[in-house]
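Notes for the one structure printed next.
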Amino acid sequence: MTQAAPAILEIAGLSKHFGGAKALDRLDFSIRRGEVHGLLGQNGSGKSTLIKILAGFHAPDDGARLHVAGREVALPLTPGQFQALGIAFVHQHLGLSPHLSVLENFLVGRHATSSRWCIPWAQEARRAEALFRRYGLDIDPHQPVDRLSSVARAQLAVIRAFDQFERTPDAPIRLLILDEPTPFLPARDVEHLFRLVRELVADGASVIFVSHDIDEALTITDRITVLRDGRLVGTAETPAVTKGELVKMIVGRAVDLDTMRPAARDHGPVKVRITGLTGASLDNVSISLGTGEVVGLTGLIGSGYEDAVTLIYGADKASAGTLTIGDNDHEISRMTPYRAIKAGMVLIPADRLEEGIVPTLPVTDNATLPLIGRWAGGFLVSNRRKRDAAAAVNKAYDVRPPDPGTLIGNLSGGNQQKVVLAKWFQTSPEFILLIEPTQGVDVGAREQVFGIIQTMAENGAAVLCASSDHEQLTAICDRVIVFARGRTVAEIAGNEISKSAIARLTYSALDDAA
């Protein structure tokens, strides 16, 4: 892609109101032929509204104009019109049915709208195999999707979207919109997905890459557009903009996440001790945490650092190990999530939609679930007291919108995560377990989540955070422990902690473990 490449899609004067709230305000936006264009902004900045207008899900306010391949297209788009225009979407949770086969997922959208009464399965399987081979993907069309790795699922969703272009050769453009496709992928797998994206661009596609991850946007994009409060803040050529400049554009002020560190403080006596933890990929791991200490666990994929958290909590079965919280000892091999909660532990999982919330219930029910017994009288629960408690949680944790009657599935990722933290932190846990606590969270909400975790530590909780995000570990941890081959191999503490130092230890850990 060159700077002189023509625009394939142009939007002018795009506004959208929801009642009295303005989601988009006279937005101008364009994407060039053969480019990867990043779209960044905090939750509520208007990114999702723009995407839904292009999908024909929302109708814009009067006055907006859309040009596709130089020709004006009337707004609003009708349902499904995006396909005829040559626009395809991959959303954060990929839109795959895990219990169907790869081939069934590959064809479901096409045949849901087809008048054909039968499907030539063998022919379609050969076609899918050929497309997978073309892009170097080792995916069996007959395999159930729930047996695929996370990156293979993401690649399948992207290839399925690209196949829409192959099946509509008369469409005026080829525009692939990737809406938060990476939050649940390890760093190594993100690069595999990016390699596929670059190959698709080389084959004639343009890409809008919607993300909260600034580092990823700087890696994969040619240009970046930032939205804030529904307005265009600016568009920059990626090589000419820095991470700090983008953060300021997104948040409206300088936030230096690279150098953010917790305030130095003296920790109390040892509050939590894990001894001889064995199970999954781990072999005889021992870790201790002081009162109010935040300890990070990290390593390369498969090193075992995430296993430590799920084994301690009883989400996965350990074969041996002892957990001591205060004066109380617990056999980790007998631990279950129920026993963990009774022992004063809470776990904040990485995948909040699957494991942390009930999307179809309101904030009230999600935020108060662990404390439901407080409002129970006999067989009845006081809904008024639940709502009052949830409203207080929303205020204390700055959940937006603040209405506790809002379905939690309709909140942004950052606000969902604040509800998950509030739900468990109001139980006053002694030992907090975190897995990638700011995954899929925008830069502004990320800073708030860091502050919430620090407050819990200052109040005396011990915190164990498993993460591959070195920036996150630098921002919240007093110590960072590096894993390799199921063992702890390095440790860094205090002012020695930095992104570069963690990365260096992580990538040299295999030699230390040999």
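Side chains are part of it too, since the values below use all heavy atoms of this structure and drop only hydrogens, waters and symmetry mates. Please read all numbers here as calculations on a predicted model, not as lab measurements.
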Open item on the list: Using a 3.5 Å distance criterion without hydrogens, assess whether the side chain of S319 forms a donor-acceptor pair with backbone atoms of T278.
Closed with: yes
- [ ] State whether the number of non-hydrogen atoms from other residues, nucleotides or ligands found under 6.0 Å of R147 atom CZ is greater than 12.
- [x] no
- [ ] Taking the side chain as every heavy atom from C-beta outward, state whether W424 and I432 have any atom pair closer than 4.5 Å.
- [x] no
Open item on the list: Could you tell me if the side chain of I208 sits less than 4.5 Å from the side chain of F29, heavy atoms only?
Closed with: yes
Task: Pairwise side-chain contact, I357 with V419, heavy-atom cut-off 4.5 Å (strictly under) - done: no
Open item on the list: How close do L103 and A128 get, counting heavy atoms only, and between which atoms?
Closed with: CD1-CB, 4.1 Å
Open item on the list: As an exercise, state the distance from CG of L178 to NE2 of H91, rounded to the nearest 0.5 Å.
Closed with: 10.5 Å
Open item on the list: How about NZ on K395, more than 12 heavy atoms from neighbouring residues, nucleotides or ligands closer than 6.0 Å, or not?
Closed with: no
Task: Polar contact flag, side-chain donor to acceptor under 3.5 angstrom, T225-H37 - done: yes
Open item on the list: For a 4.5 angstrom cut-off between non-hydrogen side-chain atoms, does Y135 reach D203?
Closed with: yes
TODO: Test V158 against every option in V207, L193, D163 by the side-chain contact (heavy atoms from CB on, under 4.5 Å) rule and name the one that passes.
DONE: L193
Open item on the list: Would the distance check show the side chain of R153 and the main-chain N or O of D146 forming a donor-acceptor pair, the cut-off being under 3.5 Å?
Closed with: yes
Task: Heavy-atom check, side chain of L50 versus side chain of L39, under 4.5 Å - done: yes
Task: Side chains of K47 and H212 in contact at under 4.5 Å (non-hydrogen atoms) - done: yes
Open item on the list: What I'd like to find out is whether the side chain of N415 reaches to under 4.5 Å of the side chain of K418, using heavy atoms alone.
Closed with: yes
Task: SB check R352 E436 (cutoff 4.0 Å) - done: no
Open item on the list: Please find the pair of heavy atoms, one from P349 and one from E355, that lie closest to each other, and give the distance.
Closed with: CB-OE1, 3.3 Å
Open item on the list: Are the side chains of M345 and L347 in contact, using a 4.5 Å heavy-atom criterion?
Closed with: no
Task: Salt bridge present between D283 and R487 (N-O < 4.0 angstrom) - done: no
Task: Side-chain donor-acceptor contact under 3.5 Å, D329 with T324 - done: yes
Task: Steps toward salt bridge (Lys or Arg N to Asp or Glu O under 4.0 Å) verdict (D222, R32) - done: CA-CA 10 Å; D222 301 295; R32 299 168 181 160; over 6 Å; no
